[in-house]
Each structure stands twice: as C-alpha cells, then as structure tokens.
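Okay, so here's the structure we're looking at.
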Amino acid sequence: RSPMRRDPKSPGSRTPANREAQFAWMAPANRAWLLLALLILAACKKPSFEENYRKGLESMTQENYAQARSLFTRAYLQSPDNLEVRYQLALTLVHLQQIKAAYELLLATEAKDHFQSSVSLPIRIELAKIFLGAKKYESAQARLLRVLEKDPHNVEARTVLATTLASQAQPEAAREQVDLLLALDPSSRMGRVLDATLDLLSRKAPLAEASLLEEVKLTGRSTESLVTLANFYQVTQQRPKAAELLVEIVQREPQNIAVRMQLGSLYAKMGDGASAERIFRQAGQIAPADPTAAMALPSYYVRIGDWPKAAAELESMVKKKSDAPTRSLLAA
C-alpha cells in the first residue's frame, strides 16, 4: 500500500513552520522553568546507600558525629545486613556517649559476623572496650584473644588487653602484653603510659620515668608525650618538673587553653598565687568566647576564698556581657 500522505495544513504536519510552532514554548523564560523543574526532581531523588555511607565516613573524618549518625542510620535502613555500616553507626553512638545502643548494635553485628568482613576485628575490639568499661573483664579478654589469634600484630587489641589484665591486678600478664606492644610500636603513647603505670605499681618510679622520657624522645617532644610526662611528675610530687614541661607547651602553643588551665592549677597547688593569677588571666584574654577560659580567674579566686577579687572580676565580666550564669555567681 502507498503510505498515507499528510495534509500540510494538518496540526501534525512536519513543515518547518509547524516545527517552529511546536517548540515555541521553549522560549528563554520557559527554558528556565524547565531547568528549575529538573533541579527539583534531582533534589527529590533519594540518596543511594553508597552516597549515605560515603558522606557518613566524611562526617566521621570531620568529627561531626551527630551528622554521621544520621547518614549511617539512613544507609543502615537501606542495607540492614551490611556489617560495615552497622560498625560505623555503632562508632558514632560511642562518640555520642550512647553506649547502651552501641553495645546492643555491636553485639548483634558480632553474631552475624563470621570473621569474613573487613570490620570483623574492629567490632570485637570495640565490644571489648565497652566490656572493659563495664568491668566485665572476662568478656573483654575473650574477644581480644580472638582478635590477636587472627592478627598477632594488632596494636590496638594488645593495648586494650594489657589494660584489661592490669585492671584485673595481673601485673605479670599485663607486663608481657606491654612488652609485646612496645616491640610492635616503640612510640605507642598508650604503651608507654601502661609501662609507666606498671612500674609505679611495682614501685619502680625511675623505670617509669625512663619509659616516658623515651616516649618524649621518640615522638619529638610531642604535646601528648610532654603532658603524659608532666602528669607523671605531678603524681610523684615532682611539681617543678611538671611545670617546666607545661610551660614549654604553652610557649609553643599559646592557644592551648587546656594545658594553660592545667599549668595555672599546678601553680596554685605549688603555692605560687601570682603565677596562677597570671596564667588564668591570660586564658580569659586569649579565648574570651570560651566559658572555661573566661571564668578561669574568678573561679580561682572563689576556690581560694578571695571574695573581693572574685566579685571585681565578675562585675567586670557582667559589664562587658551580661548573662544569667555570671550574674548568678556574682550574686552568690
């Protein structure tokens, strides 16, 4: 049959004039509306499991644990049997101090895991930490031994195991684990702390000091190693040595309010009131928006019972920025 001939005047005619009429609605303004509609549709598209999981990991890196929990929860609902997302969600719960929820999720995940996942060992280590915090040492130890059976070089598992044994008053067994730990990682801060603690328990303070000094050397006088050594000196009543180390950190990191506050408190314990006042005053000047730093000096005056100076500092603060907690303390 011959093909049907289309009437050039019919609406469906494909003449150039009619084609232009068909696309007349694509004027610039209408094209903008089309683009907006497409953007809205794209925004309404539900993020995939991979997107939620990836963004959750990014939030964890940024220490935005609340956002990470939300993203991992969405990913978990999309794939409830995925062990990696269950583990990451449990970690966010730990960071947010929701320990019971984290424990229940980890325990259920452990039951589904058969040592074939990338998070098989981390799951058991996190569970062991929770058991250790709850003083359920046998449960913690059993999991850590399984981890070390699979991976004898796992530094984190060996650290937690040494802590667990020390908590059970098994210094010899703990010492064995610490020695293995330091052999694996000589610069391990936790290993050095445990080493020093065990030496202190054995009344071997010189050995403890030597171990911590070695950590300071291996880490290039890192802030963490200096703080640990300073804490040791405070425990052993060697306060001038502790103060010297904290001064070094403050000079190197003027914005480190936590160490500055520790130094001020140490001066107060040493009876050096002038130095304590100076350090606490500097803290408030360096970080006026930090409530702890801002209240450091008046709080110090309150502790030592110097009410006139405490009132004067608080009155000055109220004049600059009046808030209910400061007014209440001033009234008290």
Side-chain angles (χ1 to χ4, degrees), residues 63 65 95-97 99 133 135 163 167 189-190 192-194 196-197 199-201 203 205 208-209 212-213 215-216 221-332:
E63 298 184 1
Y65 301 119
H95 283 296
L96 294 170
Q97 298 300 309
I99 304 301
K135 297 184 179 180
T163 306
S167 300
R189 177 171 177 261
M190 193 61 198
R192 293 292 173 184
V193 171
L194 285 167
T197 302
D199 285 335
L200 278 174
L201 291 173
R203 300 184 182 278
E209 182 181 11
L212 293 176
L213 285 169
E215 183 201 359
V216 168
R221 301 188 74 80
S222 69
T223 297
E224 293 78 7
S225 66
L226 292 175
V227 168
T228 302
L229 183 56
N231 290 338
F232 166 79
Y233 284 141
Q234 290 191 66
V235 169
T236 55
Q237 302 299 312
Q238 302 180 66
R239 289 172 176 167
K241 286 187 176 181
E244 185 179 341
L245 293 172
L246 296 177
V247 166
E248 178 182 340
I249 298 171
V250 167
Q251 290 175 343
R252 192 169 64 195
E253 303 175 14
Q255 304 296 324
N256 193 326
I257 297 300
V259 172
R260 190 177 289 274
M261 296 287 287
Q262 188 175 348
L263 177 59
S265 298
L266 179 57
Y267 279 138
K269 292 176 184 175
M270 294 168 65
D272 189 348
S275 295
E277 286 185 47
R278 174 174 54 82
I279 293 296
F280 288 138
R281 188 179 298 280
Q282 289 174 349
Q285 293 170 345
I286 292 170
D290 184 332
T292 303
M295 291 297 296
L297 186 56
S299 297
Y300 167 68
Y301 287 141
V302 169
R303 285 200 303 274
I304 65 174
D306 194 334
W307 312 117
K309 285 187 177 181
E313 288 295 324
L314 292 168
E315 284 176 344
S316 176
M317 292 176 64
V318 167
K319 287 178 182 177
K320 293 177 183 176
K321 183 182 178 181
S322 180
D323 61 88
T326 306
R327 289 199 309 272
S328 297
L329 182 57
L330 176 58

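In this text, all values refer to a predicted model and were calculated from it rather than measured experimentally. Residue numbers start at 1 and run along the sequence shown.
Here CD of Gln97 is found 5.0 Å from CD1 of Ile99. Values are rounded to the nearest 0.5 Å. Rounding to the nearest 0.5 angstrom, the gap separating the CG atom in Leu229 from the CG atom in Leu213 is 5.0 Å. Considering CZ of Phe280 and CG of Leu297, their distance stands at 8.0 Å, rounded to 0.5 Å. If you take OG1 on Thr163 and CE on Met190, they are separated by 4.0 Å, rounding to the nearest 0.5 Å. The structure places CZ of Arg252 at 5.5 Å from CG of Leu226, a figure rounded to the nearest 0.5 Å. Rounding to the nearest 0.5 Å gives a distance of 7.5 Å between CG of Leu246 and CG of Asn231.
Within the structure, the salt bridge (charged side-chain N to carboxylate O under 4.0 Å, His left out) test picks out no pair touching residues 314-332 (sequence neighbours left out). Residue pairs meeting the ring-ring contact (aromatic ring centres under 6.0 Å, His included) criterion with at least one partner in residues 313-332, sequence neighbours excluded, do not occur; the list is empty. Judged as a ring-ring contact (aromatic ring centres under 6.0 Å, His included), not a single pair has a partner in residues 302-332 (not counting sequence neighbours). Residues in residues 282-306 take part in these side chain to side chain donor-acceptor pair (under 3.5 Å) pairs, two or more places apart or across chains: Arg260-Gln282, Glu277-Tyr301.
In terms of the side chain to side chain donor-acceptor pair (under 3.5 Å) criterion, residue partners of Ser225 (sequence neighbours excluded) are, by chain and number, Thr219, Ser222. In terms of the salt bridge (Lys or Arg N to Asp or Glu O under 4.0 Å) criterion, Arg278 has no residue partners (sequence neighbours excluded). Residues passing the side chain to side chain donor-acceptor pair (under 3.5 Å) test with Tyr65: none are found, sequence neighbours excluded. Residues satisfying the salt bridge (Lys or Arg N to Asp or Glu O under 4.0 Å) criterion with Lys269, sequence neighbours excluded, are absent altogether. The side chain to side chain donor-acceptor pair (under 3.5 Å) check on Thr228 picks up Arg189, with sequence neighbours excluded. Annotation: side chain to side chain donor-acceptor pair (under 3.5 Å) contacts of Glu209 (sequence neighbours excluded): Tyr233. Checked against salt bridge (Lys or Arg N to Asp or Glu O under 4.0 Å), Glu215 has no partners two or more places apart in sequence or in another chain. With sequence neighbours left out, Arg221 forms a salt bridge (Lys or Arg N to Asp or Glu O under 4.0 Å) with Glu248.
Looking at every heavy atom in both residues, Ala243 comes nearest to Leu263 through O-CD1, 3.9 Å. Counting all heavy atoms, side chain and backbone alike, Ala230 lies closest to Ala242 at O-CB, 3.4 Å. Minimum interatomic distance between Ile257 and Ala293 (heavy atoms only, all atoms of both residues): CG2-CB, 3.9 Å. In plain terms, the two heavy atoms of Ala294 and Pro288 that are nearest each other are CB-O, 3.7 Å. Between Gly264 and Ala276, the shortest heavy-atom distance links the atoms O-CB, 3.6 Å. Contact record, Val302 with Ala310: CG2-CB, 3.9 Å, taken as the closest heavy-atom pair.
At least one donor-acceptor pair under 3.5 Å links the side chain of Ser265 to the backbone N or O of Met261.
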- Task: May I have the step-by-step check of side-chain contact (heavy atoms from CB on, under 4.5 Å) for Leu329 and Met295, ending in yes or no?
- Result: CA-CA 10 Å; Leu329 182 57; Met295 291 297 296; 3.2 Å; yes
- Task: Would you sort out whether Glu253 and Thr223 count as a side-chain contact (heavy atoms from CB on, under 4.5 Å), showing the intermediate values?
- Result: CA-CA 9 Å; Glu253 303 175 14; Thr223 297; 2.4 Å; yes
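Contact annotation: the side chain of Arg281 approaches that of Glu313 to within less than 4.5 Å [non-hydrogen atoms, C-beta and beyond].
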